[in-house]
Structures are given as C-alpha cells and as structure tokens.
Protein chains: 2
Amino acid sequence: MAKYKKNERQEILLERINEDPFLTDEKLAEIFNVSIQTIRLDRLELSIPELRARIKNVATEEVDKIKSLSLQEVTGEIIDIELNSQALSLFIIEEGHVFEKNEIARGHFIFAQANSLCVAVINEPLALTKSADIEFKRQAKLHDKVISKAVVNDMDNNNASITVESKVDGRLIFKGQFEMYYSNEGDNNG
Amino acid sequence: MAKYKKNERQEILLERINEDPFLTDEKLAEIFNVSIQTIRLDRLELSIPELRARIKNVATEEVDKIKSLSLQEVTGEIIDIELNSQALSLFIIEEGHVFEKNEIARGHFIFAQANSLCVAVINEPLALTKSADIEFKRQAKLHDKVISKAVVNDMDNNNASITVESKVDGRLIFKGQFEMYYSNEGDNNG
DNA sequence: ACTGATTTTAGTACCAACTACTAAATGAGG
DNA sequence: CCTCATTTAGTAGTTGGTACTAAAATCAGT
C-alpha cells in the first residue's frame with residue numbers, strides 16, 4: 001500500500017476516472033489510500049468535475065449519439081439536389097460506421113448513402129428500391145469523406161433508373177445502378 | 001393555465017419525463033403550476049425515480065446501447081452456420097430500422113443483414129464485398145422477423161459467389177447475388 | 001349546505017455528494 | 001531545525017432529493 005506521489009497519483013486518477021466516471025470521491029480516496037480532501041484537491045487541480053456532473057455529461061453525450069443515429073434516416077448530408085435529375089451527398093465515416101479492428105467502413109453504410117440519395121432525388125411521396133447492381137471498388141476508411149452522386153437516367157411508368165457513383169478524394173469507391181419504383185400515392189419512401 | 005386533474009397530469013408527467021429525463025421536480029412544478037410536493041407525490045405514485053437516478057440510468061443504459069450498436073457489426077443474429085457453405089440469420093425489424101412515417105424497413109438494413117451473413121459464412125480473416133445484384137421483392141415492416149439464408153455457390157481463387165434470400169413469414173422479400181473477395185491475410189472483414 | 005374523502009400544500013428532519021473555505025498536521029529537502 | 005509543499009481535518013452552505021406529519025383546499029355525493 002505504498003502511497004503514490006502527488007504527480008503519479010493525479011495521472012492515475014485521470015485514467016481511473018476516464019475508465020469509470022462513476023467513482024465517488026470516497027471510493028477514490030479508498031483506492032489511493034488518501035483522504036477525501038486530497039482527492040478533491042486533485043480534482044480541483046486537474047479540473048475534473050464532480051461525480052454528478054460527470055454522469056450528466058455521459059448521459060447527454062450518449063443522448064446526442066442516439067439522436068444523431070436517428071438522424072441517419074437519410075445517411076449522409078445532401079449538398080446539392082436537382083429533383084428528378086441529380087443529387088450529391090456527403091457522408092463522413094465515423095466510429096460507428098467502421099469495423100473496429102481495421103477501420104474499414106461497413107459496406108452497408110456506403111450502400112445506404114447511395115440508396116438514400118436515390119430516394120431523395122425522386123420528387124414523389126413514395127419511392128422504393130426495386131433492385132440494384134452494386135460494386136465496391138475500393139474500401140472507405142474511418143474519417144473518409146464520401147461524396148456520392150446520383151444521376152437519374154430515366155423516369156417513366158413509375159420506374160426510375162438511377163446511376164450512383166461514390167468517391168473519396170476523387171477516387172471511385174462505389175458504383176451502383178438502382179431501379180426505383182415511385183408513386184404519388186402513399187406517403188413516404190424506402 | 002387551467003390546472004390538469006391528477007390523472008391527466010400524471011400521464012403528461014410520464015411523457016414529459018420520458019422525453020426529457022433531465023427535468024428537476026422544481027421545473028416540473030413550474031410546468032404544471034403545482035407545488036413541488038405534488039410532483040413528488042406523483043413520482044412516488046408512478047414510481048418514477050428521482051432526477052439523479054434517471055440521469056444515471058440514461059448514462060448507463062445508453063452505454064449499453066452503444067455496445068449493442070457495435071454488436072451490429074453483424075446485423076442480425078446468426079442462428080445456423082456451416083462455414084464456407086451456408087448460413088442462416090434472424091433480424092427483427094425494430095423502431096430504429098424503419099421509416100417513421102410508414103414503418104417500412106429501410107432497405108439498407110435488409111441489405112446489411114444479407115451482406116453481414118455473407119461475411120460471416122466465409123471462414124477467412126478478411127472478407128470484402130466486391131459486388132452485388134440485389135432485388136427488393138416486397139417491403140418488410142416494423143416487428144417483422146426477417147430470416148436470411150446465404151448459400152455459397154462456389155469458392156476459388158479468393159473469390160466466393162453467394163446467393164442470399166431473405167424471407168418474412170416464408171415470403172421472399174429480398175434476393176441477392178454477392179461476389180466476395182476473401183484472403184487469409186489481413187485481420188477482418190467488410 | 002354539510003360531510004367525508006381526495007388532493008394539494010406546507011413544513012421539518014435527514015441524506016449524498018459535493019463546493020468553498022480555513023486551519024492544523026505532516027513530510028521532505030536544504 | 002526551519003520552511004515550503006502536501007495532506008488532512010473541519011465547518012458552513014448547496015442541490016435535489018426522501019420520508020414523514022399535518023394542515024388546508026377542493027371535490028363529490030347526498
């Protein structure tokens with residue numbers, strides 16, 4: 001139970017609280033075998049907020065994450081659109097979109113961006129994907145900015161044919177040919 | 001500022017706290033134009049925990065949600081697998097997977113299930129989707145149980161050809177032909 | 001209008017987990 | 001031994017409550 005020096009203790013304290021933000025000063029005092037006051041002094045010096053504030057931070061952060069996830073109804077941000085003609089979207093690959101081990105984007109997000117764009121470019125209340133021919137040309141990695149471009153080739157008889165190309169740094173990573181069904185009845189998309 | 005009756009107030013209280021768990025009794029008292037004691041009585045009757053407990057729940061629960069999201073590396077639960085041959089997975093359509101307005105599953109989740117299954121069935125450290133031909137036969141709706149079956153047609157020269165069929169209640173909703181690249185180097189999938 | 005029950009307020013004591021502050025005790029180095 | 005840094009102790013005050021008692025207000029039925 002050798003006590004740490006101030007420096008050491010504060011370093012480890014930071015780590016510990018990072019690992020588990022739910023530790024009270026009391027427990028931390030036990031862990032480091034010092035008084036509560038010392039822990040409080042440490043937190044003050046390191047400007048680590050108190051337990052409740054930490055918990056609240058965790059809670060609000062996670063709430064934000066959930067919100068941003070439900071925003072993913074349309075994957076990617078539409079940056080230019082000419083209805084029934086063509087559209088452009090940007091999708092930034094974040095932690096949630098990649099495989100942990102190799103940081104390669106999961107294919108379905110790339111697909112989702114393209115698919116969402118197809119739905120968006122069609123100016124009708126109902127738009128469903130009927131079929132698609134897709135090709136993954138190269139991998140997208142964490143933090144890549146994927147630009148997707150959809151071009152409507154033709155639209156008639158409630159069917160639209162759309163070509164999508166997705167690029168990272170100008171290099172093609174994905175290409176897809178989408179056949180969509182649309183209708184002015186119904187209320188939404190798919 | 002007509003005051004609600006007890007029943008009404010408690011119903012709305014529940015909703016309010018569900019929407020925003022960060023409301024103190026004090027603020028709730030203001031909102032409903034009643035005393036703090038009344039709010040506390042209400043919470044007691046409805047067994048709604050106090051603010052701090054609520055926040056803590058959000059913090060811990062949402063951490064779990066994030067974890068379950070990373071579990072979605074494989075979308076759907078694999079229920080049977082014969083490596084390099086065939087596999088079966090179940091994917092239950094939940095709130096997060098559908099368009100709010102019409103409760104139709106977003107296509108990319110259906111695609112993701114199929115794609116993940118292809119990755120899983122290949123018993124190699126690296127498996128990437130090269131291309132796919134897919135067809136959405138009919139819509140999947142909220143709470144549907146989608147059963148996906150992948151059959152490996154052939155594997156050679158680091159390329160696998162896989163057919164996937166997804167069904168709800170025995171009816172085909174999705175069919176896809178996947179061409180995968182695999183390798184025993186690298187460490188993961190895509 | 002009166003009564004009895006229901007609902008709402010008020011008020012007190014207590015709790016956890018603190019902050020902010022003062023002050024005393026303990027170390028460690030020169 | 002003296003001194004400065006570090007640690008500990010202790011007090012008062014805060015937030016957002018619980019648990020409890022009791023009074024006041026409101027409502028419902030006769």
Side-chain angles (χ1 to χ4, degrees), chain A residues 1-70, chain B residues 1-69 95:
Chain A
M1 280 292 162
K3 286 194 186 185
Y4 295 104
K5 284 182 193 163
K6 200 185 173 186
N7 283 353
E8 277 182 288
R9 190 188 54 231
Q10 292 194 345
E11 266 182 57
I12 303 172
L13 188 76
L14 256 171
E15 283 172 35
R16 279 312 201 96
I17 292 182
N18 247 25
E19 281 167 30
D20 181 2
F22 297 83
L23 291 165
T24 60
D25 287 356
E26 206 180 353
K27 284 195 183 152
L28 288 163
E30 281 172 34
I31 289 170
F32 289 99
N33 196 26
V34 292
S35 73
I36 280 198
Q37 322 293 344
T38 303
I39 296 295
R40 290 185 175 156
L41 213 66
D42 285 349
R43 277 200 301 100
L44 197 74
E45 285 174 13
L46 300 169
S47 28
I48 298 171
E50 64 165 296
L51 173 71
R52 283 151 179 169
R54 290 191 314 258
I55 292 181
K56 196 170 178 179
N57 287 344
V58 173
T60 50
E61 272 170 35
E62 306 306 289
V63 163
D64 287 351
K65 275 189 195 166
I66 299 301
K67 274 185 193 160
S68 82
L69 275 167
S70 64
Chain B
M1 281 291 164
K3 286 196 187 186
Y4 295 104
K5 283 182 192 165
K6 199 182 172 187
N7 284 353
E8 277 181 287
R9 191 189 54 231
Q10 292 195 344
E11 266 183 55
I12 302 172
L13 189 76
L14 257 172
E15 283 172 34
R16 280 309 202 98
I17 292 183
N18 248 25
E19 281 167 30
D20 181 4
F22 297 82
L23 290 166
T24 60
D25 287 357
E26 206 182 354
K27 284 195 182 151
L28 287 164
E30 281 172 36
I31 288 170
F32 289 100
N33 195 25
V34 294
S35 72
I36 280 198
Q37 321 293 344
T38 304
I39 296 295
R40 289 185 176 157
L41 213 68
D42 285 349
R43 277 200 302 99
L44 197 76
E45 285 174 13
L46 300 169
S47 30
I48 298 170
E50 64 165 293
L51 174 72
R52 283 149 179 170
R54 279 176 343 240
I55 292 181
K56 196 170 178 179
N57 287 345
V58 173
T60 51
E61 273 172 32
E62 306 304 288
V63 164
D64 288 351
K65 273 189 196 166
I66 298 300
K67 275 184 193 159
S68 82
L69 273 170
E95 274 73 10

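Throughout, protein chains are lettered first and strands after them, A, B, ... in sequence-line order, and every chain is numbered starting at 1. Keep in mind it's a predicted model, so treat the numbers as computed, not measured. Just the heavy atoms: all of them, side chains too, but no hydrogens, waters or symmetry mates, feed the values below.
Residue B:Glu8 contributes atom CD, which lies 15 Å from atom C1' of C:dT7 at whole-angstrom precision. The distance between atom CD of A:Gln10 and atom P of D:dA5, rounded to the nearest whole Å, is 15 Å. Protein atom NZ of B:Lys6 is 13 Å distant from nucleotide atom C1' of D:dC27, rounded to whole Å. Counting to the nearest Å, the P atom of D:dA28 and the CG atom of B:Asn7 are 12 Å from each other. In this structure, NZ of A:Lys5 is placed 12 Å from C1' of C:dG29, rounded to the nearest angstrom. Rounded to a whole Å, the CG atom of B:Asp25 is 15 Å from the C1' atom of C:dT8. One atom, CG of B:Asn33, and another, P of C:dT8, lie 12 Å apart when rounded to the nearest Å. Between the CG atom of A:Leu28 and the P atom of C:dA16 there is a distance of 17 Å, rounded to whole Å.
Taking the side chain as every heavy atom from C-beta outward, B:Arg52 and B:Lys56 never approach each other to under 4.5 Å. For the pair A:Ile12 and A:Phe32, the minimum side-chain heavy-atom distance is below 4.5 Å. Looking at heavy atoms from C-beta onward, A:Glu8 lies out of side-chain contact with A:Glu11 at the 4.5 angstrom threshold.
Between A:Thr24 atom OG1 and A:Ile39 atom CD1 the span is 9.5 Å, to the nearest 0.5 Å. Between the CZ atom of B:Arg9 and the CG atom of B:Leu14 there is a distance of 12.0 Å, given to the nearest 0.5 Å.
Side-chain atoms of B:Ser47 never come within 3.5 Å of backbone atoms of B:Leu44 as a donor-acceptor pair (strictly under, hydrogens ignored). Distance alone, capped at 3.5 Å, is enough to place a donor-acceptor pair between the B:Arg54 side chain and the B:Pro49 backbone.
Looking at every heavy atom in both residues, A:Arg16 comes nearest to A:Leu23 through O-CD1, 4.1 Å.
Using five terminal pairs a side, the axes of the helix from C:dA1-D:dT30 to C:dG30-D:dC1 at its two ends make an angle of 10°, given in steps of 10 degrees.
The stretch residues 37-57 of chain A comes close to DNA chain C through A:Arg40, A:Arg43, A:Glu50, A:Leu51, A:Arg52, each having a heavy atom under 4.0 Å from the strand.
Checking B:Ile36 against A:Leu23, the closest nucleotide of DNA chain C that is more toward the 5' end is the one next to B:Ile36.
In this structure, A:Glu26 places its CD atom where only 12 or fewer heavy-atom neighbours from other residues, nucleotides or ligands lie under 6.0 Å away.
Of the candidates D:dA9, C:dT9, D:dG17, D:dG17 carries the atom nearest the B:Thr24 side chain, counting heavy atoms from C-beta on.
Look at A:Arg9 and you won't find any side-chain N or O under 4.0 angstrom from OP1 or OP2 of D:dT6.
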